[in-house]
Amino acid sequence: MSIRFDAIKNLKNPIPSKAPSTPKITAIFGENVFNTQTARKHLSDEAFKSLQASIKAGQKLDRSVANQIANGIRAWAESKGVTHFTHWFQPLTGTTAEKHDSFFTIKSDGTPIEQFDGDALIQQEPDASSFPSGGLRATFEARGYTAWDPSSPAFIMQIGQQGGTLCIPTIYVSYTGESLDYKAPLLKAVEALNKAAVEVCNYFDKNISRVTPTLGWEQEYFVIDEGLFNARPDLILCGRTVYGHSSAKNQQLEDHYFGSIPERVYAYMKDFEEESYKLGIPLRTRHNEVAPAQFECAPIYEEVNLAVDHNTLLMDVMARVASHHNLRVLLHEKPFAGINGSGKHNNWSMATDTGVNLLAPGKTPKTNLMFLTFFVNTIKAVHDYADILRAAIASAPNDHRLGANEAPPAIISVFIGQDLTKVLEDIKERVGDKFDEQDESMLKIDIHKSIPELLLDNTDRNRTSPFAFTGNKFEFRAVGSSANCANPMTVLNVIVAETLKQFKNDVDALIEKGEKKEIAIMHTIREYIVKSEKVLFEGDGYSEEWEKEAEKRGLPNVKTTPLALDAMVTEKAFNLFESNNVYSNIELEARHEIELEKYIKKVQIESRIMGELATSHILPAAIRYQNTLISNIRGLRDLELPETAYINQKQILDKISELINKTSDLVEKMITARKVCNAIDNTRTKAIAYQSQVKDSFFDPIRYNVDKLELLIDDKEWYLPKYREMLFLR
Ligand code: ADP
Ligand code: MG
C-alpha cells in the first residue's frame, strides 16, 4: 500500500465545529485582546491615560508607567491561565516570529516569583541572528531588537495550547535603528501619508488633524485533506504541487463558486472564525471561490496597521485550526496548475479624524472637490510609481499568478469605471489649459448627479484590473495570497504621500501667483489627469490586446520577480523612500538583496523536489509498469499470436519509454543548470539565471512529461495523490 491509498482510505468524516452554536459574535469578540475596555479594568487611571496617549499620538511612555502597564497586562493574562509571553513580530521571512519567555523568575534571595516588567514589555533582544537582514547586521551591529508597538494591542494566542501565550506586537529593528521587519516601515509610511494628507485636507477643512490609511483585505485560500497533503512532498516543502495532471472536471462548470460550503470546510471555518473573533479580527464574509477547494474570507476594514497584524495573525490561526480538522490550508498563490490561484485583494482608502472617507464621493461641491483631489492624486501616484508598486508584490509564488490569464497582469493599470471616466474627461475639457474665472463653474461639478446612488454601492466590477476603484476605495488586486500586506501597503501609502506633497507645492505655487484656492486646485487636478491618464484602462486586463496596447502606451510589463525588484534600487526609489523617512538607501538595498535571495531559494527548493520526485517516485512507477507491459507482450508473443494481438500494448510501451527517457534526460540537464547557477556570485544575476535557466527552461517541460505519465500508468502504481482526490473534498 502506498501513502496515497492510505490517505484515501483514511479520509475523515467532518469533525464537528467546537464553536458554540448560540452565542453572538459580540459576546466573544476581542476576549483575548488587551483592548481599551480591558485596559480600563486592569490599569490605574494614570497608566491607562498614558497608554491611550501613546496609542493615539505615538507618545513615548516613561519607564514607571511602562511597569504599571506591564503589571496590568500580566494580571489580565494570568487571569486567563497564561504563564508565558513573547514579543510577536513580522520578520522578512514572511511569517510571524515569536520566542516565548515565562513570567517565572527567581529573585536574588532565591524566592520564585512571577514578574513582567516594563522593560520586558517595551524592548527585547531576541537572539534572532538567523533572520534575513540583507547584510545589515553584518555591516552594523549583530544585534536585533524588538520594540513594543502600542498601536497594536497585546493578545493571547491560545489555540491548541493549554494556557496560551501572551503576545506583544512589536517592530523589529537593528541596533542602529534599521528596519528588519515589515511593520517598522509601514508605521513610517502611515506617518508620511498622515502628514501629507492632512496638509491637503486643510485646503478643504481646517478641523482635520489626522488622516489614517484603512485596509480591508480579502484572503483567498485552498483547503485539502491533511492525509493527502502529507502524501505530497511538493506541497509539504513548497506549498504547491509541482506535478499533477488536471482533473477531468475542475472549475469549468463554475459550480463551486459561491456554492454551498462543504461540511468539513464549514466546520473548519466556524472554528477559525471563532478563534479570530476572540483575537479581535473582525471577519465578516466567507464563501467558496472559483476553483474547487478554494475559499475566501474578508473582515471589516480597519486602520492599516491593525489590519496587517490581523491578516498575519489570521493566516497563523487558519493553519493552526486546520490541523484540528485533519485539514491543511494552502495559502500559496498557485497550489494547483490549470485552475485559479489565490490572491489577497487589498481594499485601501484614507479616513480623517473627522470621520470622512477621503475616497468617498461627497454630497456637496466642496466635498466633491476633496474627493476628486485624493482620487486623482492616487491615480497619479500609481502612474508615477507603477514600477515600485509592481516590485512590492513581486515574489516567486506570485509570478505563477500575475499575467496567467486568471489574475491581474503584471502591468499596473487603474480601473475607475464609466462614470468617473466621464467626470475626468469633463474636467479635462471644461477647465482647459488657461486660467479663467469661468472655471468657477467647474467647481460646481456634482459627482452625485453623474454617479447614480445605486452605482456607489454597486460599482461596475472589472475583475481583470490590478488596481480598481470600487465605489469608495481602491482595490489593489495584484497582491498575492501568502504576502504580508505591509509591503504593498507601505509602498502605496508612501507614493500617495509623495504625490500629495507635490500637489500641495503645485497648488500653493498657483495661489502665490494670485490664483483663487479652488481654481488652483482644479487646475492642478486637471494637469494631474492629463499627466497620468495613460495608466487608466477600462478594458479586459487579461487580454493580449491590452499587453500590446500597454506597450504602445509605454507602461511597464515586468513579468518576473528578479527584474521587477530592480525598481526598488533606482534613484527614483531612493529619493522617494528617503525623503519620506521610510527607508534609507542601505535599507532598500538590503531589502532588495533579501527578496532576491528568497526568490532564489524558493526556485531552488522547487527544482530539487521536482528532480527528487521524478527520480524516486515517478520514474520507478513508470518502470514498474513498463515491466508489466513488457512481460505481457512477451507472453503474447510466446503464444505465437499475431503481432496485432499486442500492437496496442506495444504503442503504450513505446510512449511510456519515450516519456521516461525525456523526463530522466531533462532532470539531469536541470541539475546541471542548477550547478551553473549556484556558482554565480552576484545575487541579482543568480536570481535571473535561476528564473531563466532553471525555472523557465525546465519546470514546464519536465512537468509535461510527468503529467503524461500520470495518465498512462496503472493507477495503483502512482504514489502521489491526484488532483481530483485533493480538490474534491469529501
Ligand atoms: P467585494 O465585493 O470586493 O468583496 P466588499 O464591499 O465586500 O467588496 O469589500 C471588500 C473589503 O473592502 C472588505 O474587507 C471591506 O471592509 C473593505 N472596505 C470597505 N470600505 C473600505 C474602506 N473605506 N477602506 C478600506 N477597506 C474598505
Ligand atoms: Mg473585492
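Just follow the structure's listing: the first ligand is 1, and inside any ligand the first atom is 1.
For Q52, the side-chain contact (heavy atoms from CB on, under 4.5 Å) partners are T36, F48, I55, K56, not counting sequence neighbours.
Donor-acceptor pairing under 3.5 Å is lacking for the side chains of T354 and N207.
If you number the atoms of ligand 1 from 1 as listed, the ones under 4.0 Å from a heavy atom of I300 come out as 16 (O).
Ligand 1 lies nowhere less than 4.0 angstrom from a heavy atom belonging to T285. Look at E475 and you'll find a heavy atom under 4.0 Å from some atom of ligand 1.
Ligand 1 has a nitrogen or oxygen under 3.5 angstrom from a nitrogen or oxygen of N347. Considering backbone and side-chain atoms together, T214 places an N or O closer than 3.5 Å to an N or O of ligand 1.
When the heavy atoms of R477, K473, E296 are ranked by distance to atom 5 (P) of ligand 1, first place goes to K473. Here atom 15 (C) of ligand 1 lies nearest to P299 when heavy atoms of A298, P282, P299, A468 are compared.
A salt bridge does not link R401 to E220: none of the charged side-chain nitrogens sits closer than 4.0 Å to a carboxylate oxygen.
Heavy atoms of E218 found under 4.0 angstrom from ligand 1 belong exclusively to the side chain.
Here the shortest heavy-atom pairing between A567 and I388 reads O-CG1, 3.8 Å.
Checked by atom type and distance alone, the side chain of Q90 never pairs as donor or acceptor with a backbone atom of D181 at under 3.5 Å.
Applying the side-chain hydrogen bond (donor to acceptor under 3.5 Å, both in side chains) test to every pair with at least one member in residues 486-496, sequence neighbours left out, gives these pairs: W348-N493.
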